[in-house]
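Below, read A as the first sequence line, B as the second, and so on, with proteins coming before strands; counting in each chain starts at 1. Note that these values count all heavy atoms, side chains included, but never hydrogens, waters or copies made by symmetry.
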2 protein chains.
Amino acid sequence: MTYQKGRIRREDIISAAAVVYGEAGYHGSSLREIAKRVGMSHAGLLYYFPTKEALLAAVLERRDAEDSEREQLAAAPGLGVLRNFVALAEHNVRHPGIVDLYSRLAAEAVAPDHPAHEYFERHYRQARESVIGSFRVLASTGELREGVDPEFAALTFIALMDGLQVQWLTTPGDVDLVGSLRFYLGSLLTVPLDPEA
Amino acid sequence: MTYQKGRIRREDIISAAAVVYGEAGYHGSSLREIAKRVGMSHAGLLYYFPTKEALLAAVLERRDAEDSEREQLAAAPGLGVLRNFVALAEHNVRHPGIVDLYSRLAAEAVAPDHPAHEYFERHYRQARESVIGSFRVLASTGELREGVDPEFAALTFIALMDGLQVQWLTTPGDVDLVGSLRFYLGSLLTVPLDPEA
DNA sequence: CCTACCGATCGGTAGG
DNA sequence: CCTACCGATCGGTAGG
């Protein structure tokens with residue numbers, strides 16, 4: 001009971017921060033703007049998160065937690081992992097704010113001294129490893145087209161997701177996020193991604 | 001003769017701005033930092049470019065001019081256009097600063113009110129149209145694999161280039177920019193990209 | 001949690 | 001081109 005209100009307040013702040021980061025990036029966001037959206041002063045916000053960076057860390061932490069939860073990504077390497085990524089894209093299309101946040105931060109964090117730089121290094125490595133493993137399994141069962149290198153396939157698959165998101169945000173009407181992903185997988189696999197109806 | 005020095009000075013400022021934008025993005029850059037790198041005061045810089053936005057416009061203008069020059073991209077739709085893109089990637093690998101600039105600005109400019117937003121809208125549309133046309137030609141000559149949709153192929157090709165660049169900047173050792181592009185084209189085409197030796 | 005404040009930095013202007 | 005300045009905004013702290 002006792003810390004309940006504080007915990008809710010913290011969650012509200014994290015949510016507001018995620019939205020503002022998506023709109024303006026991390027460096028482009030101010031504690032005052034985030035605080036205003038949850039109805040407090042920026043000094044009040046600093047009572048919950050001692051620094052600007054601490055708030056960013058909390059946002060990234062919650063994103064990871066949400067991802068793990070949705071994925072149950074324990075999914076064994078193979079088609080299931082790829083289906084999970086497509087499902088993630090479907091989820092993202094319905095929640096553009098997540099795409100905003102992710103794309104803005106990823107691009108900003110290219111700078112080695114950005115506080116989210118290590119987070120994204122880790123993120124890319126993990127994503128690639130997971131996808132490489134899946135393509136390797138598919139190769140061994142003949143579900144990957146002849147001559148397709150699992151490592152290139154994985155690297156380009158991840159890059160494609162990221163590039164599509166930026167392009168989708170810039171010219172939304174011109175980009176079919178999920179369709180493009182399926183198209184690409186179709187060009188690599190010898191079997192349909194989804195079980196036939 | 002007369003305006004020679006001023007023109008050179010302007011070029012110096014634009015070059016410095018491009019570097020700083022690549023490091024810190026547009027919003028993250030200050031006129032004072034750019035001015036310092038060319039050895040003048042920020043007020044002096046504003047003598048050459050009346051506002052921060054005017055300097056950004058000049059940077060983008062010069063980029064376009066350089067692109068057109070290198071491309072002679074009048075290259076007729078078809079394999080030549082795709083080869084040009086691969087050549088661009090080869091050029092970029094040797095000039096990471098260009099990739100920094102482009103990736104940072106593109107991501108920032110996702111925001112509709114960003115001063116470079118329209119520039120990137122135009123940029124994406126043009127790139128897509130050029131590549132779509134080329135894939136259509138290749139389809140008509142049987143050089144595109146059966147069942148590959150030219151529009152999806154073009155959209156994903158552009159997205160892949162952008163996504164690869166961000167990932168390359170974040171984890172340079174793990175990403176083969178040019179190889180990934182060739183891999184991708186290889187999975188779409190029925191003919192080699194380059195004429196056999 | 002708030003008010004009030006700090007030092008730093010920003011883009012831009014005045015006036016030469 | 002420079003010095004000097006302006007108003008605005010920033011993250012963070014003091015003190016309650």
[Y] versus [X], side-chain donor and acceptor atoms under 3.5 Å:
| X | Y | result |
| --- | --- | --- |
| A/Thr141 | A/Glu143 | yes |
| B/Asp64 | B/Tyr119 | yes |
| B/Arg62 | B/Ser15 | yes |
| A/Tyr184 | B/Ser187 | no |

message: Counting the atoms with a prime plus P, OP1 and OP2 as sugar-phosphate, which does B/Ser30 contact under 4.0 Å by heavy atoms, base, sugar-phosphate, or nothing?
response: sugar-phosphate

- line: Closest to the side chain of B/His42, out of C/dT3, D/dT3, C/dG12, is C/dG12

query: Do you know which of A/Ile14, A/Leu105, A/Leu55 makes side-chain contact (heavy atoms from CB on, under 4.5 Å) with A/Leu60?
result: A/Leu105

Measure from [atom1] on [X] to [atom2] on [N] and round the result to the nearest Å.
| X | N | atom1 | atom2 | value |
| --- | --- | --- | --- | --- |
| A/Leu56 | D/dG12 | CG | C1' | 17 Å |
| B/Leu46 | C/dG11 | CG | C1' | 7 Å |
| B/Glu33 | C/dG11 | CD | C1' | 15 Å |
| A/His27 | D/dC10 | NE2 | P | 14 Å |
| B/Tyr48 | D/dC2 | OH | C1' | 12 Å |
| A/Lys52 | C/dT9 | NZ | C1' | 13 Å |
| A/Leu55 | D/dG12 | CG | P | 10 Å |
| A/Ile34 | D/dC10 | CD1 | P | 10 Å |

field: DNA chain D base-pair string [pairs: Watson-Crick or G-U under 3.5 Å; |: paired with another strand]
entry: ||||||||||||||||

- request: Look only at the side chain of A/His114 and the backbone of A/Ala116, and say whether a donor-acceptor pair between them is shorter than 3.5 Å.
  value: yes

query: Do B/Arg104 and B/Glu108 meet the salt-bridge criterion of a basic N to acidic O distance under 4.0 Å?
result: no

message: Pick the closest DNA chain D nucleotide for B/Leu45 and for A/Gly28 by heavy atoms, then say which residue is nearer the 5' end.
response: B/Leu45

field: Contact nearer the 5' end of DNA chain D, comparing B/Arg32 with A/Tyr26
entry: B/Arg32

